[in-house]
Amino acid sequence: MFAEVTVRSMFSRPCYLPLHVMCVFEVYISLSCAFCRHGKRVEKLKMLFGLAVNEAKLTSQRTRLKNQNGFHLCRLSREVYTFVSPSRMSGSLLNMFSKGTKRKFSDGGEEISEEGLVGARVASSYSLQRQSLLDMSLIKLQLCHMLVEPNLCRSVLIANTVRQIQEEMTHDGSWHMVTEAFCNAGQSPSERLVATEVLCRSREQDAEPKVFSVISYEGCREEEVVADETLCSVSVRDTVSNVYLAGRMGQCWEKNELSGIERDEEVLEDSRLGSGEDEEINTEDEASTEGPKTIGQVFGTFEIKNGSPGPDSALEELFSDVDTSYYDLDTMLTGMQSAPKMGPYDLLDSLGPSHGSPSIVSTPNCRSDLNELDHIMEIIVGS
Amino acid sequence: MMAGVGGGNDFQWCFSQVKGATDEDVAEADIISTVEFNYSGELLATGDKGGRVVIFQREQESKNRPLSRGEYNVYSTFQSHEPEFDYLKSLEIEEKINKIRWLPQQNAAHFLLSTNDKTIKLWKISERDKRAEGYNLKDEDGRLRDPFRITSLRVPVLMPMDLMVEASPRRIFANAHTYHINSISVNSDYETYLSADDLRINLWHLEITDRSFNIVDIKPANMEELTEVITAAECHPHQCNVFVYSSSKGTIRLCDMRAGALCDRHSKFFEEPEDPSSRSFFSEIISSISDVKFSHSGRYMMTRDYLSVKVWDLNMENRPVETYQVHEYLRSKLCSLYENDCIFDKFECCWNGSDSAIMTGSYNNFFRMFDRNTRRDITLEASRENSKPRAMLKPRKVCTGGKRKKDEISVDSLDFNKKILHTAWHPKENVIAVAATNNLYIFQDKLN
């Protein structure tokens with residue numbers, strides 16, 4: 001697990017991003033690059049980021065390049081690149097699996113925070129492992145290969161794994177625990193569907209096809225697929241907070257091509273996790289209204305009508321706590337939330353100051369960073 | 001015929017050749033994606049991610065060096081597939097060659113089928129080493145002669161010229177697959193072939209490109225219910241009505257085309273019952289079959305899943321007759337391998353000419369061979385360090401824990417980026433071709 005900052009620029013204009021701001025963008029090489037020979041792709045990258053890009057390293061996936069700010073440029077797929085910052089927690093969970101042995105192919109940094117380890121020990125080892133496996137699987141499903149159809153076999157296998165985990169969690173009763181943990185007093189069960197509603201709403205608003213066509217077996221996708229991976233492993237407090245926070249950031253992506261502020265490593269889970277799942281939950285509702293590009297076609301892993309009542313409602317409840325106000329880009333930009341129910345910022349606060357990279361915990365920092373963010377957005381949006 | 005460890009009368013595998021760039025920077029387009037010998041073993045074809053096909057031809061054995069078999073040299077190189085763009089779906093179609101299958105040779109030319117994710121092409125590779133000279137109607141430089149100036153007739157004479165190998169696409173079989181093609185297999189009637197994608201299998205006639213018959217369709221009415229995909233398919237080597245296909249759930253279905261036009265109902269169903277003690281979240285993923293190959297005899301078939309190779313007797317459906325562990329030491333690393341996607345790597349496997357040995361690849365540029373008779377196995381490495389001509393390959397060993405002996409390599413030091421997915425065995429001799437990323441290694445046996 002690692003925190004990633006993804007950088008996105010849709011244009012071939014140079015886009016010098018102040019990476020220390022930890023903005024969440026996405027990397028996207030314009031379509032013309034698709035048919036570029038390898039060398040031209042490299043040139044495009046150089047132009048986009050002003051980075052000295054090591055041509056050799058671009059050829060293999062998941063290779064990391066460090067830029068001058070200490071961020072790693074990671075290649076997610078053929079045309080999708082992302083900046084990765086080493087995560088404090090990256091090593092912790094996986095270390096549990098590998099028993100601390102050195103792995104050549106491990107991702108991210110190896111820093112392990114105090115809080116992380118404490119949290120890991122607190123939760124039961126197996127359920128934590130299971131949870132992180134679930135998270136990992138969901139992220140994998142969410143990752144879209146921008147221009148090439150995703151591998152159906154791989155998607156099916158991952159989806160089956162997720163389904164298996166969910167079934168087991170249901171039997172264990174962990175699902176119930178998860179939902180309880182985030183149960184808000186004011187919400188009635190019917191309101192628990194707010195997450196999906198929000199997603200529905202945003203989808204309808206979007207004139208263009210889905211940005212995150214996650215598990216689309218039909219291969220429906222948008223060219224500018226967002227490959228946001230603001231993932232962070234987590235939580236000292238709850239083992240399930242990973243999955244929980246999934247829903248949050250999804251909206252801002254869907255509504256706007258640029259997401260808001262990137263969180264610190266402690267910020268929970270990938271936004272697209274939630275968006276993807278919720279969209280799948282919505283399958284039935286949306287299937288008739290949506291065009292061929294709905295995620296609904298995907299598969300029934302999160303399909304409510306398929307599963308037993310347990311996981312279904314639990315899943316809805318899981319994502320019901322989405323704070324809709326969060327999805328306004330404005331609020332994102334200002335970083336101010338009237339009353340975030342359990343926003344990432346809260347957790348950030350609780351976790352204390354980060355280890356040195358600028359954190360968005362304190363507002364003043366936020367502000368100045370956000371001004372820069374505004375500026376960048378202007379450039380990118382081309383106003 | 002196995003590589004003996006201690007020498008004696010056993011065979012030893014020796015390095016013969018390596019093809020491909022030596023520098024560390026691997027261009028993605030150069031990564032080899034398929035390797036296949038033709039029926040005689042004279043030609044060896046490779047396809048790469050850049051859509052190119054390179055064919056190597058074996059030199060005639062020279063009398064001067066009887067012990068060294070002929071070397072493979074480049075015979076023809078051509079661009080088989082180009083990247084395409086599906087405008088309807090806004091998707092790029094990769095030009096990577098997924099499979100190459102040779103047709104048996106029927107005349108002087110060679111034919112092969114190559115496929116990417118969507119389109120299959122039949123290529124004719126022919127030689128031209130003579131040129132006609134002395135035409136009546138045109139000059140030597142090709143200009144047309146004035147017919148009124150021709151006073152006599154002559155018969156053109158064939159003059160030798162430098163050998164030219166031409167590859168031309170003779171048939172293009174397109175637009176029949178919605179999903180990604182993973183297998184093609186030429187039928188024993190040499191007239192038809194099948195192509196399989198994730199959800200469907202089509203039967204083609206080699207002469208007819210505008211239509212194909214769908215013989216297997218496992219697409220559910222509701223795509224949300226999809227839990228299983230087709231991973232590989234192959235025609236029986238002798239019975240032209242029989243074929244098998246494997247699935248992502250570790251099952252193999254044998255179908256008889258005589259039973260019906262649509263072979264959704266299998267004739268035989270091969271599945272090994274799961275061992276409940278080794279069940280984990282990854283059980284299904286590692287049981288997914290990545291390759292299925294009939295033996296040359298047609299009596300057995302071999303399947304490759306993530307950790308093992310299994311040999312099945314076609315007459316026994318409930319379990320394989322032989323199981324070989326390829327890299328069991330990875331079982332404890334499955335979570336990491338899942339995280340970095342290595343668990344989804346599709347390894348291929350192959351038989352030797354006499355069906356007495358099987359070979360498959362692993363990580364760290366290791367490949368494994370199993371002798372079915374002696375039950376011995378060996379791990380060898382394809383690396384530039386062992387690339388001296390006729391250098392004997394030393395067996396490698398992976399240490400799983402505890403003390404690491406000298407020359408052993410520990411599991412954590414394995415390089416998972418160096419994977420050998422594609423291997424091929426000469427149909428008659430002990431010559432093997434091993435694709436290691438962008439390099440093609442050829443090893444031969446050396447009689448002691």
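These numbers come from a predicted model, not from an experiment.
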Heavy-atom neighbours of B:Asn175 CG exceed 12 at 6.0 Å: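 It does not: B:Asn175 CG has 12 such atoms or fewer within range.
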
Atom NZ of residue position B:Lys418 - does it have more than 12 heavy atoms of other residues, nucleotides or ligands inside 6.0 Å?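 Counting other residues, nucleotides and ligands, NZ of B:Lys418 stays at 12 neighbours or fewer.
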
What is the minimum heavy-atom distance between [X] and [Y], and which atoms define it?
X: A:Met136; Y: B:Cys335; value: CE-SG, 4.1 Å
X: B:Glu339; Y: A:Lys140; value: O-NZ, 3.0 Å
X: B:Phe281; Y: A:Thr161; value: O-CG2, 3.8 Å

At a 4.5 Å cut-off on heavy atoms, which part of [X] comes close to chain A: side chain, backbone, both, or neither?
X: B:Ser248; value: both
X: B:Ser290; value: neither
X: B:Tyr338; value: both
X: B:Leu199; value: side chain
X: B:Glu228; value: backbone

If you round to the nearest 0.5 Å, how far is [atom2] of [Y] from [atom1] of [X]?
X: B:Asp341; Y: A:Ile158; atom1: CG; atom2: CD1; result: 6.5 Å
X: A:Arg154; Y: B:Ser288; atom1: CZ; atom2: OG; result: 13.0 Å
X: B:Arg279; Y: A:Gln164; atom1: CZ; atom2: CD; result: 4.5 Å

Under a 4.5 Å cutoff for heavy-atom pairs, which residue among B:Thr227, B:Asp198, B:Thr178 has the most contacts with chain A?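 Between B:Thr227, B:Asp198, B:Thr178, the count favours B:Thr227.
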
Is any side-chain heavy atom of A:Leu157 closer than 4.5 Å to one of B:Phe344?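 A side-chain contact exists here, since the closest heavy-atom pair is under 4.5 Å.
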
Does some side-chain heavy atom of A:Cys153 sit less than 4.5 Å from a side-chain heavy atom of B:His180?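 B:His180 does not reach A:Cys153 side chain to side chain.
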
Taking only residues two or more places apart in sequence or in another chain, which ones pass ring pair (Phe, Tyr, Trp, His ring centres under 6.0 Å) with B:His422?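 Scan of B:His422 (ring pair (Phe, Tyr, Trp, His ring centres under 6.0 Å), adjacent residues dropped) gives none.
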
